[in-house]
There are 2 protein chains.
Amino acid sequence: MCRTCGCSFRSRDFGNIERFIEPCILLLLSKSPSHGYGLIEDLEKHCDERVDIGYLYRTLRRMEKDGWVESDWEENEAGPDRRTYTITQEGKDFLRTAATSLIRTDKLIQRFLEGYQKNYQNNKNV
Amino acid sequence: MCRTCGCSFRSRDFGNIERFIEPCILLLLSKSPSHGYGLIEDLEKHCDERVDIGYLYRTLRRMEKDGWVESDWEENEAGPDRRTYTITQEGKDFLRTAATSLIRTDKLIQRFLEGYQKNYQNNKNV
DNA sequence: AATACTATATGATATTATCATATATGTGTA
DNA sequence: TACACATATATGATAATATCATATAGTATT
């Protein structure tokens with residue numbers, strides 16, 4: 001149930017990028033190393049969505065524990081120092097696996113949408 | 001971390017139907033009322049995947065609490081009685097919302113896959 | 001009587017996601 | 001100098017989602 005207004009719509013949103021955050025992060029890092037705050041901005045630019053910043057930082061630490069990324073502190077004269085993340089070989093391998101999974105997800109969603117639109121055209125009031 | 005073998009691959013799978021289980025159930029129920037065990041088989045047929053049966057039952061009860069479906073016991077001479085679920089108007093409304101979200105998700109995934117394949121073609125070893 | 005299939009349900013726990021808040025550096029400005 | 005603001009990382013508390021195992025029971029088959 002939605003915590004904000006108590007309605008029956010779950011806070012869970014089937015369209016949010018959080019559900020695919022790891023592959024998206026890995027894809028960005030496969031282009032060039034980056035840090036948490038930078039990734040937030042990249043994700044927003046690419047996905048038109050502001051990811052919860054606390055969740056992103058925790059996700060990055062978890063991904064490091066999992067061996068998909070590595071991090072080092074980078075000095076930053078223009079502001080606070082940054083923890084810069086680099087993708088590892090394991091991370092690249094996982095990215096490939098995730099891409100395969102997402103191809104499958106994409107097919108599932110398209111199958112769903114076809115079924116839905118078919119019902120809609122048949123005037124089934126759905 | 002994967003509980004079965006302890007590897008760093010999360011049990012979380014970006015391709016599984018559990019991530020879109022509610023819209024899929026609602027779509028099936030919008031065609032005709034059904035019961036848990038029947039839905040499991042339908043989902044397997046449509047999505048080539050066996051959903052965890054305990055999870056499905058709990059999801060159905062949650063959806064009922066949320067007002068998306070209603071249930072009644074139906075006598076079954078050929079086996080144990082069945083709890084038959086029917087979609088409500090609220091469920092139909094949510095199905096429409098979910099479809100919109102999934103169109104967005106589909107676009108996000110395709111954008112991701114385009115980016116990924118572009119990297120792959122450029123021989124970036126990802 | 002034992003086994004298999006159908007059918008629903010829940011205990012225990014792990015994982016994922018959200019919301020709020022703490023801390024600190026540098027820049028601009030009142 | 002004091003303050004607000006953007007950048008930057010982190011974590012406490014809690015809610016929501018997902019997994020795995022197990023319990024219970026009716027009907028059919030061997």
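Proteins come first, then strands; the chains are lettered A, B, ... in the order of their sequence lines, and each starts at number 1. Given the structure is predicted, the values throughout are model-derived calculations rather than measurements. Values reported hereafter were calculated over all heavy atoms of this structure, with side chains retained and with hydrogens, waters and symmetry mates removed.
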Bracket notation of DNA chain C in which parentheses pair within the strand, [ ] cross earlier pairs, and | pairs with another strand (Watson-Crick or G-U, under 3.5 Å): ||||||||||||||||||||||||||||||

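- If you measure from atom CD1 of B:I53 to atom C1' of C:dT10, you get 13 Å, rounded to the nearest angstrom.
- The phosphate of C:dA7 has OP1 or OP2 within less than 4.0 Å of a side-chain N or O from B:N76.
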Stepwise side chain to side chain donor-acceptor pair (under 3.5 Å) check, A:D72 with A:T84: CA-CA 5 Å; A:D72 284 297; A:T84 297; over 6 Å; no

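- The distance between atom CD of B:E74 and atom C1' of D:dT27, rounded to the nearest whole Å, is 16 Å.
- Distance check: A:D42 CG to A:K31 NZ gives 8.5 Å after rounding to the nearest 0.5 Å.
- Rounded to whole Å, the distance from CD1 on A:I25 to P on C:dT16 is 13 Å.
- To the nearest angstrom, C1' of C:dT16 lies 9 Å from CD of A:E22.
- For the OP1/OP2 pair of D:dA10 and a distance below 4.0 Å, the side-chain nitrogens and oxygens of A:Y57 include no atom meeting the criterion.
- Within residues 34-46 of chain A, no residue is approached by DNA chain C to less than 4.0 Å at the level of any non-hydrogen atom.
- Phosphate contact (OP1/OP2 of C:dT25, side-chain N/O of A:R82, threshold under 4.0 Å): absent.
- For A:S32 (side chain) and A:L28 (main-chain N/O), no donor-acceptor pair under 3.5 Å exists by modelled atom type.
- The closest side-chain heavy-atom distance from B:R83 to B:H35 is not below 4.5 Å.
- The distance between atom CZ of A:R61 and atom P of C:dT15, rounded to the nearest whole Å, is 19 Å.
- Protein atom CZ of B:R83 is 19 Å distant from nucleotide atom P of D:dT24, rounded to whole Å.
- Between the side chains of B:E70 and B:T86, no donor-acceptor pair of N or O atoms lies under 3.5 Å.
- No donor-acceptor pair closer than 3.5 Å links the side chain of A:N76 to the backbone N or O of A:R82.
- No side-chain donor-acceptor contact under 3.5 Å links B:D66 to the backbone of B:W68.
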Trace of the salt bridge (charged side-chain N to carboxylate O under 4.0 Å, His left out) decision for B:R104 with A:E49: CA-CA 11 Å; B:R104 181 172 139 75; A:E49 189 181 346; 2.8 Å; yes

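- In this structure, B:D52 places its CG atom 12 Å from C1' of C:dA9, rounding to the nearest Å.
- Note: NZ (B:K65) to C1' (D:dA16) measures 10 Å, nearest angstrom.
- Ranked by how close their nearest DNA chain C nucleotide is to the 5' end, A:G79 and B:G54 are led by B:G54.
- Without hydrogens or angle criteria, A:S34 side chain to A:L29 main chain gives no donor-acceptor distance under 3.5 Å.
- Put simply, the side chain of B:R58 and the base of D:dT19 share a donor and an acceptor less than 3.5 Å apart.
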